[in-house]
Amino acid sequence: MKTKNLLLSLLVVSSLFQSCSSDDDGGGNPNEVMTPANYAFTRGGETTVSFSGQTTRIQMAQELIDALKDNTVTEAQLDGMFAHVEGSDDFSDADLNASSKSIRSKTAASSDYFSANTTNANAIKAHFDAWIKAQVDEVFPNWGNIATAGNAGNLQEGGGGATRYVNARGLEYNQAVNKGLIGALMVDQMLNNYLSISVLDAGTNRADNDAGTLAEGKDYTTMEHKWDEAFGYLYGTDNATNPQLGADSFLNKYLSKVEEDADFAGIADDVYNAFKLGRAAIVAKNYDVRDAQAEVLREKISQIIGIRAVYYLQQGKATLGTDNASAFHDLSEGFGFIYSLQFTRKPGTNAPYFTKSDVDAFIATLTSGNGFWDLTSQDLDTMSDVISARFSFTTAQAGS
């Protein structure tokens, strides 16, 4: 059964507002708003939607996670992809090389969670640095060896399936980086930065939006652009006006996966509608509707992380001890989603569903001793049930 709660009703209530257009050129009461047909907003015939920086970082992250599976790549090359400096020849795409953007600069860098907590921000960045280094130092030298408890190497999935490359505890570092970035980059920037009042209403943003004052040299107000940047971390490589999903290896892909689960079907529309309505509300200068949609997004995007964390723990449990290559792959994905729980956001609060300390405790369970080799079904069920209860879905719903 599809999970719902009171916050979802905000989307419905907000949609009752009426409007003639999502364009500034439309008539009628400028404070009335309804959900547009798609994420397309114009001013004077020109689009006001821009999220190129988010597209760039998604593309950089894609090249990074691909390179983590190539044992001929050096640590310096991987570090360059993660902490790119403008003009450095780090990527296969010349436009990415010319960019001033980097993945590392926006990892654990949100206004609400990390502007006043540089200790945690630096610790999280250091985790990604360490996983990249360990892939080169621990896994690459043992690429051709069969992994055993306490020894890095490779494991082939049953039936001649995929070969997985793991550390001494069974963890695929490339999956830790991949799924960890979904939380530390995409979710954190979306929920705790660009959709936060501290960013949307920073400085003169609200007064400028009310007056229609555009950012210098741009066709959008700063507030419009901030909302678009949140949108870009989900749809930045997708079709913004007709999302197909599965367009990248990050949040877009896993919204698609959750949508495919009958227990959560409809979440993709909930998310897209909230983005559209919130952006239209900014155009209409209706900040109550804007903020209500930000809360819907906090709930739904956070849910994706919780659902997939439980899903991979349960999938790993199903083959643990009988097909460890398959089990460890699922548990590695689960590891990354569990790591991402600390970047979620409970609606109506300034707090995640699970704190960094909570997440550190989960990670300790997954990695203590010989790590995945030592895990039991009870360990995985206990973690799954704790996560499910916090999100108000069941382990059975998320785990299948």
Side-chain angles (χ1 to χ4, degrees), residues 3 65 68-69 127 131 155 157-158 161-167 169-184 186-187 245-246 248-264 267 301-344 353-354 358-368 371-391 393-400:
T3 59
I65 63 171
L68 283 164
K69 294 179 283 188
H127 286 155
W131 293 335
L155 293 171
E157 293 184 359
T163 300
R164 308 300 182 182
Y165 298 91
V166 302
N167 75 355
R169 293 181 170 87
L171 174 67
E172 294 176 76
Y173 286 121
N174 58 293
Q175 291 297 337
V177 172
N178 185 344
K179 275 56 180 186
L181 283 176
I182 293 176
M186 287 79 179
V187 172
L245 301 182
D248 62 42
S249 299
F250 302 97
L251 190 57
N252 187 283
K253 175 179 179 177
Y254 291 97
L255 173 57
S256 178
K257 294 291 187 183
V258 174
E259 175 65 24
E260 291 168 0
D261 185 335
D263 291 307
F264 305 101
I267 190 173
I301 297 300
S302 296
Q303 237 181 28
I304 296 168
I305 303 303
I307 290 165
R308 295 310 285 186
V310 172
Y311 175 83
Y312 284 116
L313 292 178
Q314 291 298 301
Q315 293 302 301
K317 185 185 79 168
T319 55
L320 189 64
T322 59
D323 183 355
N324 279 340
S326 178
F328 290 1
H329 177 63
D330 285 324
L331 293 174
S332 294
E333 295 192 83
F335 177 102
F337 277 106
I338 285 173
Y339 192 83
S340 288
L341 289 170
Q342 64 193 297
F343 307 102
T344 58
Y353 281 82
F354 289 90
D358 294 331
V359 168
D360 288 346
F362 285 139
I363 297 299
T365 298
L366 290 170
T367 59
S368 63
F372 296 170
W373 298 93
D374 292 345
L375 287 173
T376 67
S377 294
Q378 183 60 55
D379 293 329
L380 300 176
D381 282 339
T382 297
M383 284 188 286
S384 295
D385 290 344
V386 170
I387 296 167
S388 297
R390 193 73 59 89
F391 281 95
F393 50 71
T394 68
T395 295
Q397 286 174 318
S400 61

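Predicted model only: the values in this text are computed from it and were never measured.
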Inter-residue atom distance [X].[atom1] - [Y].[atom2], 0.5 Å rounding:
| X | Y | atom1 | atom2 | value |
| --- | --- | --- | --- | --- |
| Ser256 | Ile304 | OG | CD1 | 10.0 Å |
| Ser249 | Leu181 | OG | CG | 11.0 Å |
| Thr344 | Leu341 | OG1 | CG | 6.0 Å |
| His329 | Gln315 | NE2 | CD | 11.0 Å |
| Phe250 | Lys179 | CZ | NZ | 8.5 Å |
| Ile305 | Met186 | CD1 | CE | 10.5 Å |

Polar contact flag, side-chain donor to acceptor under 3.5 angstrom, [X]-[Y]:
| X | Y | answer |
| --- | --- | --- |
| Tyr254 | Glu333 | yes |
| Thr376 | Asp379 | yes |
| Glu172 | Asn167 | no |

Could you pull out the closest heavy-atom pair between [X] and [Y], with the gap in Å?
| X | Y | value |
| --- | --- | --- |
| Val310 | Ser384 | CG2-O, 3.7 Å |
| Gly246 | Asn252 | N-OD1, 2.6 Å |
| Gly170 | Ser332 | O-OG, 3.8 Å |
| Ser340 | Gly183 | OG-N, 3.0 Å |
| Ser377 | Lys317 | OG-CG, 3.5 Å |
| Gly306 | Ile387 | O-CG2, 3.9 Å |

Within the structure provided, determine whether [X] and [Y] are in side-chain contact (heavy-atom separation under 4.5 Å).
| X | Y | result |
| --- | --- | --- |
| Leu320 | Phe328 | yes |
| Glu157 | Thr163 | no |
| Phe335 | Tyr312 | no |
| Phe264 | Ile307 | yes |
| Trp373 | Asn324 | yes |

- [ ] Please work out which of the three classes, parallel, tilted or perpendicular, describes the rings of His127 and Tyr339, given edges at 30° and 60°.
- [x]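 Taking His127 first and then Tyr339, their aromatic rings stand perpendicular (interplane angle over 60°).
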- [ ] Can you sort out the partners of Asp358 under side chain to side chain contact (heavy atoms under 4.5 Å, CB included), two or more places apart, ordered by chain and number?
- [x]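 Asp358 satisfies side chain to side chain contact (heavy atoms under 4.5 Å, CB included) with Phe354, Thr355, Arg390 once adjacent residues are dropped.
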Open item on the list: Among Leu171, Leu375, Ile338, which residue satisfies the side chain to side chain contact (heavy atoms under 4.5 Å, CB included) criterion with Leu331?
Closed with: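 One option only clears the test, and that one is Leu375.
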TODO: Would you list the pairs meeting salt bridge (Lys or Arg N to Asp or Glu O under 4.0 Å) in which at least one residue belongs to residues 304-313, sequence neighbours left out?
DONE: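 Passing the test, one end in residues 304-313: no pairs.
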- [ ] Take Gln303 and Val258 through the test side-chain contact (heavy atoms from CB on, under 4.5 Å) and record every step on the way to the result.
- [x] CA-CA 9 Å; Gln303 237 181 28; Val258 174; over 6 Å; no
When the side chains of residues 360-367 are checked against the rest of the protein, which donor-acceptor pairs come out under 3.5 Å, sequence neighbours left out?
from: Asp360; atom 1: OD2; to: Lys356; atom 2: NZ; distance (Å): 3.1
from: Thr365; atom 1: OG1; to: Ala361; atom 2: O; distance (Å): 3.2
from: Thr367; atom 1: OG1; to: Ile363; atom 2: O; distance (Å): 2.8

Open item on the list: Quick one: does any side-chain atom of Asn178 pair with a main-chain N or O of Ile65 as donor and acceptor, under 3.5 Å?
Closed with: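 Between the backbone of Ile65 and the side chain of Asn178 there is no qualifying donor-acceptor contact (under 3.5 Å).
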Open item on the list: When you measure from the side chain of Asp385 to the backbone of Thr382, do you find a donor-acceptor pair of N or O atoms at a distance under 3.5 Å?
Closed with: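 No, Asp385 side chain to Thr382 backbone: no donor-acceptor pair under 3.5 Å.
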